[in-house]
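This report refers to the structure that appears directly beneath it.
In the text below, chain A, chain B and the rest are named by the order of the sequence lines, each starting its count at 1. All values reported here derive from a predicted model rather than from experimental measurement.
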Amino acid sequence: MREDTPQEELNYVGKGTERVDTTEKLTGKAKYTGDLRMPGMLHAAVKRSPHARAKINNIDTSDAEAIPGVHAVVTGKEFDYKLGLYLVDKDVLARERVRHHGEAVAAVAAESPGLAEQAVKKIDVDYEVEEPVLDALEAIEDDDKLVHPELDDYDYFEPAFSPQPGTNVANHTKIRKGDVEQGFEEADHVIEREYTNPNVQHVPMETHVAVASWKEQDELDVHTSCQSPFTVRNLLCVAFDLPHTNVHVEVPYVGGGFGGKAGIGVEPLAACLSKKANGRPVKLEASREEEFSLLPCRSGLTYRIKSGVTEDGDLVAQKMTMFWDSGAYADYAVNVTRASAYSASGPYEIPNAHVDAYTIYTNKPYGTAYRGFGHVEFSWGLERHMDLLAETIDMDPLEFRKQNALKPGSITITGEKIVENTGNVTKCMEVAAEAINYGELTPEEKKRQEETGMKIAKSVSALHKAPAMPSFTATAAELRMNEDGSINADLSLTEYGQGTYTALTQIIAEELGFPPERINLSIKGDTDKAPYDWQTVASKGLLMSGNACIKAARDLLEKAYQDASEVLRADPCDLDHNENEIYIKHHPEESVTFSELAVGYAYPTGEGIGGPIIGVGRYMAQGLTNLDKETGQGEPALDWTYGSHGVVVEVNEITGEFNILKVASAFDVGKAINPANIRGQVIGGLIQGLGTTICEGYAYDDEGHLLNPSFTDNKIPTSMDVPEEIEGIVIETPQIDGPYGARGVGEHPMIALCGAIGNAIYYAAGADLTHMPIRSEDVWWALHKDEDRDRPRYSIC
Amino acid sequence: MKEPVKEQTVELTVNGDNYEINVHPLKRLLDVLREDLKLTGTKEGCGEGECGACTIHFDGEPALACMIPVCQADGAEITTIEGLSSDGRLSLVQEAFHQEGGTQCGICTPGMIMSATYYIDNPDSAENMREALAGNQCRCTGYKRIFDSVEEAFKNK
């Protein structure tokens, strides 16, 4: 849907239009799910497992039920509902056994939140505690201590995934290109190393919350803070065996998602409680602590990379093994595994590649989608590894990256041919490098070194990511003209802060030739009223919904032109339009206004023609295929967005303290629909990536108890952590099937930042880091790793 | 913990309106604002005084509504996000956040704007803007456009 319209001829696309969703947010009037109050509404509280792994012998709820004002108490044995998008492995409430610390075993609905909490405390659960499986590398070997002995019975999406019943492996994705052993023989050096990442929490500022009403005749109404209303509806219908006409999902304003709200969350449990409470609405709002362990997190990863390089700097072979610790459930983690497998080599061409990526069950909180979908995690190891390889052959790491970068004519590890319009990662690297004065210290930096005694170093990393989604992912948009010629538009992405709705408004305005103020794109999601979208994930919203909006706008204009051609007695090809009217090209004074046509045209005699003018557009991802299960060959990528980070870091070699002085990041977005909002999204992603890099992660004890489920012990960046200089740079190599050439950039700013910072710290102080996050103490330990000291336990692991 | 039974009368002035409410003395001010007074603009991000989403002005000073039992607010003058705009017009700070894109998902925004408003009115209350906003966590914006918004508000002051 790319148009070769030069920017100077565009009226709204490419401009910094103000966000369409801000005014209510700035005044406190925006209603989020947690703000909703309904007549008769009850409040839920959840009884959570204090153990990582245990059998449930008995649950005694009698004392809780006896409390006046308690309307429903539910346990897992009452329900046989299984949930899952890709691998249906999770019960609404634990049945027979608990698989992770914090798992829901029972729940209460009562007149007030305090009463519900009080009732939960009265629920007595008799557990038989078992030794948990906590280490993914042990779990993959251990066929005796299975987290899911029933794996063989679970439904799963067969074209994409390969569970291994009788083991703890929920999925094994393979990619094979060329002959990796032959490649290693051709290499001058073969380097192997392992890199690790902990579980990380998304931390949307609004926790998961839903209000459900299970009414008479099995009509289920759900208001929820989710990213994907239609996926929530579909999974509720499948789990509860209800027709789609019975389930109605509404999504008010949503306070952040980052993947944590991509699938289904607290909705089914709220629904079950409402059913038991005779249909009264039940609000289930996760506490911040529950956000960390009742709800999912980012999977941990151990990434083993073995690479063959020549003295000339060619990467000739790479064997990549990913051990994804998905925790107790693997529904979404199987797809993180698949997506990271087909991207595993980063934006580099590897002639002989071999990937084995495993999703492994353990007794830890479970993993799900998280901004970057696996790429943040594997890029940490990969980008550290690239510098290790460059050092081995004594080559500049940026030159090494550029030499091996994907470029037109390259073949990816799944066999996809890269073309010019795929994007330009080399240019991203060059621009980021230039922005930080890569390769030298400026006079100011030299002076700073002298003054502080700290060492300054620089590094450049590169990244790529494509949307991870089913090959047949589709969406639609609907535009309806109002009596005054303005437009009400509906689609079913969720606007949780990314700014996509503003960009889509600009696209609709551009296509119609109307000012953006005349377009009202409904922010609220409603599965009864708005057309289908699969999910708001994967940085695919702008491209896919943008195309659907373009098609809907053209459809709307076609309808308007049809009616106008009758009114004006002219062929539609002889018509043109401006903001207000359709007119005959060679007799512009003969015209009819949009307002006159909007809901049906009436002649002066009173006779009417036409009718409400409605435009519909739908868009299907083009050309994607399943990947061959043995070789991984196929077409997984809607579009690749490339990017690069340049970082400047200073390190105190004695204490391990460090400061990030500058981050300059470049992304090939194809076409910047709204440059100001891209900057917002890029900087937001960078700082979330900075959190992953410098402080965030789960800490467990030996029994699998989560030790830091709070902001006190699990910090996220604050205003004090933002680097002094931070720059987002846009590169525009148009995407042929992108709206106006655009592609998504929602997730990418987070990816590979950690690798760049780790590398710069290595150059500044020699601290050789292989585990995220990197705190000052980690740098200190890396500087002292040859000494005979025991590091304290309970670090982020 | 037993469900609160013994209520107490508390007088509050919120956004210029006087209230006299019967409420358990230990009910959080945040819940009184959101539930009793239906002022849901003030948000809860953590409930433990770490994130700043529930920042309000309490007798003219920024305070965390999730950490204040309502009995301590007896006789207090409180301003919430709903009290900043008037006659349908955004306040100076709200307008700057609108222009500079200082809000994304919007949950931290009310608390952030309350902290920013106090800082703009009392520039000596913090070493610099970063410190003034250090108690307000934001997960979407990366803070930069919030800084731009506050700078813009200072310019238009």
**Study point:** Interchain contact, A/Asp21 with chain B, by part (heavy-atom threshold 4.5 Å)
**Key:** side chain
Point to revise | Contact origin within B/Glu35 toward chain A - heavy atom pairs under 4.5 Å | key: both
Check your understanding: By a 4.5 Å heavy-atom criterion (distance strictly below it), what part of A/Pro68 contacts chain B: side chain, backbone, both, or neither?
Key -> neither
Practice item. Would you mind reporting whether B/Ser85 and A/Lys29 have side-chain heavy atoms less than 4.5 Å apart? Key: yes
Practice item. Check each atom of B/Thr103 against the heavy atoms of chain A and say whether the ones under 4.5 Å are side chain, backbone, both or neither. Key: both
Review point. Around B/Glu77, counting heavy atoms of other residues, nucleotides and ligands shown, do more than 12 lie under 6.0 Å from its CD?
Key: no
Review point. Tell me, side chain or backbone of A/Ala30 under 4.5 Å from chain B's heavy atoms, or both, or neither?
Key: backbone
Check your understanding: Heavy-atom distance under 4.5 Å to chain A: side chain of B/Leu90, backbone, both or neither?
Key -> side chain
Point to revise | Side-chain donor or acceptor of B/Tyr143 paired with backbone N/O of A/Asp721 under 3.5 Å | key: no
Point to revise | Region of A/Phe711 that comes under 4.5 Å of a non-hydrogen atom in chain B | key: both
**Study point:** Best-contacting candidate, A/Thr718, A/Ile726, A/Thr23, against chain B by heavy atom pairs under 4.5 angstrom
**Key:** A/Thr718
Check your understanding: Within the distance-only criterion (no hydrogens, no angle test), does the side chain of B/Arg139 pair as donor or acceptor with the backbone N or O of A/His202 below 3.5 angstrom?
Key -> yes
Check your understanding: Is there a side-chain contact between B/Glu44 and A/Arg288 (heavy atoms, below 4.5 Å)?
Key -> no
Practice item. Could you tell me the separation between the CD1 atom of B/Ile81 and the CG atom of A/Leu26, rounded to the nearest 0.5 Å? Key: 7.5 Å
Study note, to complete from the structure: Turns out that what part of A/Leu686 lies under 4.5 Å from chain B's heavy atoms comes down to neither
Exercise for review: Heavy atoms only, distances under 4.5 angstrom: which of A/Lys31, A/Glu18, A/Glu289 has the most pairs with chain B? Name it, please.
Suggested key: A/Glu18
Study note, to complete from the structure: Between the SG atom in B/Cys140 and the CD atom in A/Gln688, the distance rounded to the nearest 0.5 Å is 8.0 Å
Practice item. Could you tell me which portion of B/Arg34 (side chain, backbone, both or neither) has an atom closer than 4.5 angstrom to a non-hydrogen atom of chain A? Key: both
Exercise for review: Output the option from B/Ser91, B/Gly41, B/Gly106 having the highest count of non-hydrogen pairs under 4.5 Å with chain A.
Suggested key: B/Gly106
Review point. Side chain, backbone, both or neither: which part of A/Ser710 has a heavy atom under 4.5 Å from chain B?
Key: both
Review point. Do B/Arg130 and A/Glu724 have side-chain heavy atoms sitting under 4.5 Å apart?
Key: yes
Review point. If you round to the nearest 0.5 Å, how far is CD of A/Glu725 from NZ of B/Lys144?
Key: 8.0 Å
Practice item. Decide yes or no on side chain to side chain contact (heavy atoms under 4.5 Å, CB included) for A/Asp35 and B/Lys43, but give the supporting numbers first. Key: CA-CA 9 Å; A/Asp35 301 331; B/Lys43 302 299 180 200; 2.5 Å; yes
Revision key, fill the gap. Among A/Gln681, A/Gln498, A/Arg679, the residue with the most heavy-atom pairs under 4.5 Å to chain B is A/Arg679
**Study point:** Contacting moiety of B/Glu48, where chain A heavy atoms sit under 4.5 Å
**Key:** side chain
Check your understanding: Can you tell me how far the NE2 atom of B/His98 sits from the OG1 atom of A/Thr27, to the nearest 0.5 Å?
Key -> 11.0 Å
Review point. In this structure, are over 12 heavy atoms from other groups packed under 6.0 Å from A/Lys15 atom NZ?
Key: yes
Check your understanding: Which of the residues A/Gly497, A/Gly28, A/Ser287, A/Gly256 is involved in the greatest number of heavy-atom pairs with chain B at under 4.5 angstrom?
Key -> A/Gly497
Check your understanding: What are the two closest heavy atoms between A/Ile683 and B/Thr141, and how far apart are they?
Key -> CG2-O, 3.8 Å
Check your understanding: Given that the side chain runs from C-beta out, which part of A/Val722 has a heavy atom under 4.5 Å from chain B: side chain, backbone, both or neither?
Key -> both
Practice item. Under the side chain to side chain contact (heavy atoms under 4.5 Å, CB included) rule, what do B/Gln104 and A/Lys25 come out as? Steps first, then yes or no, please. Key: CA-CA 9 Å; B/Gln104 287 193 208; A/Lys25 291 176 178 177; over 6 Å; no
Point to revise | chain A contact via B/Asp148 - which portion, at a heavy-atom distance below 4.5 Å | key: side chain
Point to revise | chain A interface, residue from B/Ala132, B/Gly47, B/Ala53, B/Gly142 that has the most non-hydrogen pairs under 4.5 Å | key: B/Gly142
Check your understanding: Taking the side chain as C-beta and beyond, is there a heavy-atom pair between B/Cys105 and A/Tyr253 under 4.5 Å?
Key -> no
Review point. Is a donor on one side and an acceptor on the other found under 3.5 Å between the side chain of B/Arg145 and the backbone of A/Ala676?
Key: yes
**Study point:** N/O donor-acceptor pair under 3.5 Å between A/Glu206 side chain and B/Ile107 backbone
**Key:** no
